[in-house]
Every structure is written in structure tokens, then in C-alpha cells.
There are 2 protein chains.
Amino acid sequence: MPPELIAVLIAVSDDRPMVLTLEGGRLLPSGPLEAGHRSLQTGLRLWVEHQTGHALGHVEQLYTFADAPVDGGPDERRVMISYLALTRTRRGERGWRGWYDYFPWEDQTAPEGRALVQRIARLLDDWAGRAPSAAGQEARRQRVALTFGLDGLGWDDELVLQRYELLWEAALVPESAPPGAPVLPGLSMARDERRVLATAMARLRAKIRYRPVIYELMPDSFTLLHLQRTVEAVAGQPMHKQNFRRLVAQQDLIEETGEVAPDTRGRPARLFRFRREVIGARRIAGSKLPLARPI
Amino acid sequence: MPPELIAVLIAVSDDRPMVLTLEGGRLLPSGPLEAGHRSLQTGLRLWVEHQTGHALGHVEQLYTFADAPVDGGPDERRVMISYLALTRTRRGERGWRGWYDYFPWEDQTAPEGRALVQRIARLLDDWAGRAPSAAGQEARRQRVALTFGLDGLGWDDELVLQRYELLWEAALVPESAPPGAPVLPGLSMARDERRVLATAMARLRAKIRYRPVIYELMPDSFTLLHLQRTVEAVAGQPMHKQNFRRLVAQQDLIEETGEVAPDTRGRPARLFRFRREVIGARRIAGSKLPLARPI
DNA sequence: TAGATTATGCTCAACATGAGCATAAAGGTC
DNA sequence: GACCTTTATGCTCATGTTGAGCATAATCTA
């Protein structure tokens, strides 16, 4: 069985991060590596274009997963090589789902997300209490506090995968819960694919801090508030408006188009565009966004 | 053909970063994923222990590579899932090689390394001049300057892979040079494995900036200068001594053992140990080392 | 006793970051 | 038209971080 190539296609539409899915949201685009594929990435591009009609822009490899072996099962294992791809949504395309539909607790800009974390904290505290030893309980509590930013530790938006794995272990998601047991809100996916999505979210949240990838998700021209809302949507965290502008300005990665946004409510906002020419012409770092890492 | 698991084992010995190799330095430990392996990582551990007798400590996945397909060749492709493993050398173990034997230009703490970069700069300028169009020449020059930190741009120690790939394209390494053509100093490896090593070096250099992985490479107790030399060896860059100590101190990741180093030359240095208990007990970030990213 | 060598404490300027005050420019309401 | 709401934009201030270097301490060797 050849390794499978699997893609997490991300776009942001109406300030909501979206992921491209198949089969009613249960699957991600994927297909086996074939002999004719020039490279892993070209194989991935071919499969995604074939299955969704969507061409890929910025693509990067995420992680390679293997299924657990099955006793008495086939000798061969399913190996998945996963990729993150950034793009823009196009009108009328089907299959896009909000990524917070799968991970509602990851949206800390919304009051519902924050309330859900409070509820999760209580459930996980119960789970910690069910550890066999006192030391085990303490270790679990510490891990919960760290992963969900409790006890004043501060929410770390990059711990998407760690949070999902913790909820999996605590049997609070359908993938691991016993049949009929109560589970948290949030869509699940087939096989291990929700884990792949979590990996992609974590990687993207980490990456926007030090590479200008956010502009892969923006239209040609945009206002600073639109840019901020996009970053906030991806990071799942609100930001300080004036400081956001200050940092974006000093990066010198965007320039004014000279026009102002048409449909605005308050004072009209100037439109900006990304200076494509700085890619490559510039030190690769230098796009740090005002997303403070928590203490 | 099942995917292959391949390991880059790193240790630091006498302030030199070392990599564990087989076959006279031409190969890295590796073996195919088998049906009995519980996971990719356990498969890797089994292969490495079988081939080298060395048990693995901290392990993380690096990247998955695929061979280019061969026209008329077999239908199946070699897929390599690579891992970075950190450990300590043990007396009398064979097969350890200095990683700067493979990448002499990556050691910017040594005058030879800096001189080599000067020479490479000239060779790559020639190569840039051989681009077909004027725009192509300019693009090549810009890429060379950025990758090797010329024109006052500053050396970025994390661009190990980009530098190797540039030298590969310019046919300055044996892997790509025509037979008999002059090539740069530095050992090469079989197949694509020097690229895997470059990927590991880049990842480790990036990682020591924000995770306390450097302590995986240290003995139980060490002086601050020893720690600094280890970081410098890995990063290939010298550091400011007082500032290094200030940062390490404020991380609060190490504590005094109460003893002083026995074999010292000047004023005796206090010995420190890593506070293992902070792993997990602490925000996962917070080990930033005084390795400034260049401008 | 005078270097040589390494350890260690401390200061200073420049810059980055988090928070918030103040003002500007639009539309809508009375 | 006066006034409110809304968003945009400029600016300040305290605090923290970083890069550089001065100064002193504690050991050994010539």
C-alpha cells in the first residue's frame, strides 16, 4: 500500500477560517502516491485538483502519520503524509467548513468559545480526579492547566493538537468516547483526519507569527481592520488594534493602494495591498505579528 | 516497498556536534517500517538500537522525502520518513562524525568556516553570472546574498538546507557536480542523506531558540561556559558571554549543584544541573537562547 | 609578584511591547 | 444643524528585552 497524500486546504471567508472537505465534512482531500508523480507535492496537487477542482498555492508538508497496526490485519499499514495549503475561497465552491465547527473551543474571540473552555475545565478536572494515584491526579491537573491556560497561565493558541489529544484521552470526543457517552460539541471526521486538521491549525497559528503567510489568505486589497480580523480569526484570539497597526506598519510588507474601502460604516479606511516583491527580496523572518505568546 | 525510517542522531562531544553514521560515514541508521511496529517512532527506535546499539532519548519527526521516479524504473518509490534524535555520546562508540565534516561552511565560530564562506561567495557570484537573462542573474545574486548573509545581511544559522540546496544547484557539491569538476570541501553521503542531515541541523538550530532541548545534549552537571560552548557549537555562531548568562539565569531552568568544576584554568566555575522537573511543569516556551536572529 | 585566564556582577542605550488617551472622519437621528 | 455612533488613525508612557561593554573576582603559571 503506497503512502497516502492528504491536504488541509485553508481559506478565510467573512472572517471565518475554513477548511475544504469532502463527503459532507467527514474527509479531507487525499490520494495515494503514484509512480507517475514527480514529487510528493505534485502528487498532492494532482489529487486535490482532481477531487475538488481547486488549484493549490502555498503548500507545506505537515507531518506523517501511521495507523496503528491491527492484530491479524494486513501486513501493510496506512501511512498518511499530510500537507497544509493556503488559498482563497471562490464563490460557489462547495465543501468548505468553518474550522471552529470541528474545534469550537479553539475560538477564544467568541464568548461561546470561552464559555466552552470553562465547561471543559470542569470535565477535565473530574477526569484528573479519576487517575489512580495522587501523583497521577496532580500530573493530570498540571497538564490540563497548562494545555488550557487555566490558573492564570494564559491561553496558548498553538496548543491545538495537545488540547485535542487531551480531550481524546479523557474520552470527551466521539472518536474515543464509549458509545452513548456524552461528548463535547464539535464535528468529528473519519479515521484520524480531525487530528490532521488540528496539526494544520497549530502549524498555521505558529507560522503567522514569523512568516508573512497571512497574506496568502487575503484578497488583493484590504483594510487594516480586515487584516486584523483575519489574523484574529486564525489565531482565535483578539488583539489590540493600535498596536496591531503599528507592528504591521513597521514590517513594511504592505503599501497603500490609494483608495479607500467602499462599504465602511465609520470613518472610511484606506486600502492596502501586499508587496509581493518583498518575498525573496527580504530576510525570511520579519513578519512577526502582535500575537503575544502568553507568559 | 514500505516507507523507510531514518534517524539523525545528534550528540555534542568536546564542543563538537556529532552525528551517528554507518558504513564509514556514508549512511544514516535506517530501516523499513514493518507490520509489527506499534508506531513510526517505535519502528525507528528498534532499527537504531539494532543497527547501532544506541538507545534513543528525545525524538521528533523531521520531514518525509521521496526519491524522484525513475523512467522505466520500478512502480514503487523509496519514501523516507526522517527523525531527529538527541542524545549523549558514550565512550568508545564508533560511527560518530562531526557534522561540520559534512558542512564545513556551517561553522561560523571557526575562521576556516568564515573563510570558506568568502570563497563560496565568489564561486556563487560566478554561477549567478552564468544565468541566461539579466533578471535571472539578479535573482540569483539576491538569493545568494540572502542565503549566505552577504552584503551586510547577516548570517542566518537556520538556513542550512537552503544553503546546501543552493550549492547543489550550482553544482559545487559532489552530489550534483559533473565528474571531475572541482567541488567544495566536506564529506558527502549516499543517496539523499546529506540533505536529511541538513534538515536535522536546521531544525535543531531553530529549536534551541525556543525549547530547552539543548539540555538533552548536556551531561548531568556542567558549567555555564560549557553550556555556552555547546550552544555555540550547535548554532555555529559565537555569543556574548555575559548576556548568555543573563538569559540562561532568567530562564530559571537550571540550578547550582553547589560544586565547582574541577579541571578549570582561570577562576573556578560553579556547576549547574538542568531542573528536569520544569519539563511539563512549565509553559512550553520560555527557553529562548541569546541567539539573535540577524537583521 | 605580575600576568594570564576564566567567572561574575553591573550599567547603559536602543528597541520592542502592552495599554490606553485623544482626535478625525464618516453616517444616522433628533 | 447638533449630537451620537462607529471606525480610523496618531501619539504617549511605562515596562521589558537585547546588544554591548566596563569592572572586579578568583584561580593558576611564569
Side-chain angles (χ1 to χ4, degrees), chain A residues 15 152 154-157 208-210 221-232 235 237-272 283 285-295, chain B residues 15 152 154-157 208-210 221-232 235 237-272 283 285-295:
Chain A
D15 300 337
W155 179 261
D156 184 340
D157 61 295
I208 56 171
R209 289 171 200 276
Y210 61 97
S221 76
F222 48 84
T223 68
L224 291 180
L225 184 58
H226 184 186
L227 182 64
Q228 180 179 347
R229 293 273 177 261
T230 306
V231 173
E232 287 175 332
Q237 292 210 103
M239 272 175 276
H240 185 285
K241 186 165 174 168
Q242 294 94 317
N243 292 347
F244 180 86
R245 310 171 128 261
R246 177 175 59 188
L247 235 61
V248 169
Q250 81 190 28
Q251 314 266 131
D252 206 31
L253 292 170
I254 61 177
E255 62 192 0
E256 289 188 44
T257 66
E259 292 162 47
V260 296
D263 57 334
T264 154
R265 298 223 304 169
R267 170 174 170 176
R270 298 181 226 171
L271 284 171
F272 291 82
R283 177 107 257 130
S287 97
K288 197 171 31 161
L289 282 170
L291 280 165
R293 308 187 133 284
I295 318 144
Chain B
D15 300 337
W155 178 263
D156 184 340
D157 62 294
I208 57 173
R209 289 172 200 276
Y210 61 97
S221 76
F222 48 84
T223 68
L224 292 180
L225 184 58
H226 183 188
L227 182 63
Q228 181 180 345
R229 293 275 177 259
T230 305
V231 172
E232 288 174 332
Q237 293 209 104
M239 277 178 266
H240 186 284
K241 186 165 173 168
Q242 295 94 317
N243 292 347
F244 180 85
R245 309 170 129 264
R246 176 176 61 188
L247 235 63
V248 169
Q250 82 190 27
Q251 313 268 132
D252 207 32
L253 292 170
I254 62 177
E255 62 192 359
E256 291 188 45
T257 67
E259 291 161 49
V260 295
D263 57 334
T264 153
R265 297 219 308 166
R267 169 172 172 177
R270 297 181 226 170
L271 285 171
F272 291 82
R283 178 109 257 130
S287 96
K288 195 171 33 162
L289 281 170
L291 281 166
R293 306 188 137 283
I295 322 143

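In what follows, every chain begins at residue 1, and chains take the letters A, B, ... in the order their sequences are listed.
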(message) Can you measure B/Q251 atom CD to D/dT17 atom P for me and round it to whole angstrom units?
(response) 11 Å
(request) Decide yes or no for A/V248 and A/F272: does some side-chain heavy atom of the first lie under 4.5 Å from some side-chain heavy atom of the second? (result) no
(message) Can you list everything that forms a side-chain contact (heavy atoms from CB on, under 4.5 Å) with A/R246? Sequence neighbours excluded, please.
(response) A/N243, A/Q250
(message) Once side chain to side chain donor-acceptor pair (under 3.5 Å) is applied, do any residues pair with A/E232, and if so which ones, sequence neighbours excluded?
(response) A/Q228, A/R229
(request) Could I get the full list of side-chain contact (heavy atoms from CB on, under 4.5 Å) partners for A/A261, not counting sequence neighbours? (result) A/T223, A/D263, A/L271
(message) Does the protein touch nucleotides 21-30 of chain C at the base, only the backbone, or not at all? Give it as B, S and - per nucleotide, heavy atoms under 4.0 Å.
(response) B--BBSS---
(message) Rounding to an integer number of Å, can you tell me how far A/D15 CG sits from D/dT7 C1'?
(response) 15 Å
(request) Let me know the distance between CG of B/L271 and C1' of C/dA7, rounded to the nearest Å. (result) 13 Å
(request) Give the rounded distance in Å between these two atoms: CG of B/N243 and C1' of D/dG21. (result) 9 Å
(message) I'd like to know if B/R246 reaches the base of D/dG19 with its side chain such that a donor and an acceptor end up less than 3.5 angstrom apart.
(response) yes
(request) Can you figure out which of D/dT18, D/dT9, C/dT17 approaches the side chain of A/R270 most closely? (result) D/dT9
(request) Provide the closest heavy-atom pair for B/Q251 versus B/L247 in the form atom of the first, atom of the second, distance. (result) CG-O, 2.8 Å
(request) Would you mind reading off the distance between B/Q250 atom CD and D/dG19 atom C1', rounded to a whole angstrom? (result) 13 Å
(request) Would you kindly give the CZ-to-C1' distance between B/R245 and D/dA20, to the nearest whole Å? (result) 16 Å
(request) Could I get the full list of salt bridge (Lys or Arg N to Asp or Glu O under 4.0 Å) partners for A/R270, not counting sequence neighbours? (result) A/E256
(message) Test of understanding: with side chain to side chain donor-acceptor pair (under 3.5 Å), list the residues that count as partners of B/E255, not counting sequence neighbours.
(response) B/R273
(request) Measure from CG on B/L247 to C1' on D/dA20 and round the result to the nearest Å. (result) 14 Å
(request) Considering non-hydrogen atoms only, spot the tightest contact between A/A235 and A/D157 and give its length. (result) O-CB, 3.3 Å
(message) What's the angle between the local helix axes at either end of the helix from C/dT1-D/dA30 to C/dC30-D/dG1, using five pairs per end and rounding to 10 degrees?
(response) 20°
(message) B/Q242: which residues meet the side-chain contact (heavy atoms from CB on, under 4.5 Å) condition with it, sequence neighbours left out?
(response) B/H240
(request) Would you kindly give the CZ-to-C1' distance between B/F244 and C/dA7, to the nearest whole Å? (result) 14 Å
(request) Would you indicate, yes or no, if C/dA7 has its OP1 or OP2 atom less than 4.0 angstrom from a side-chain nitrogen or oxygen of B/K241? (result) yes
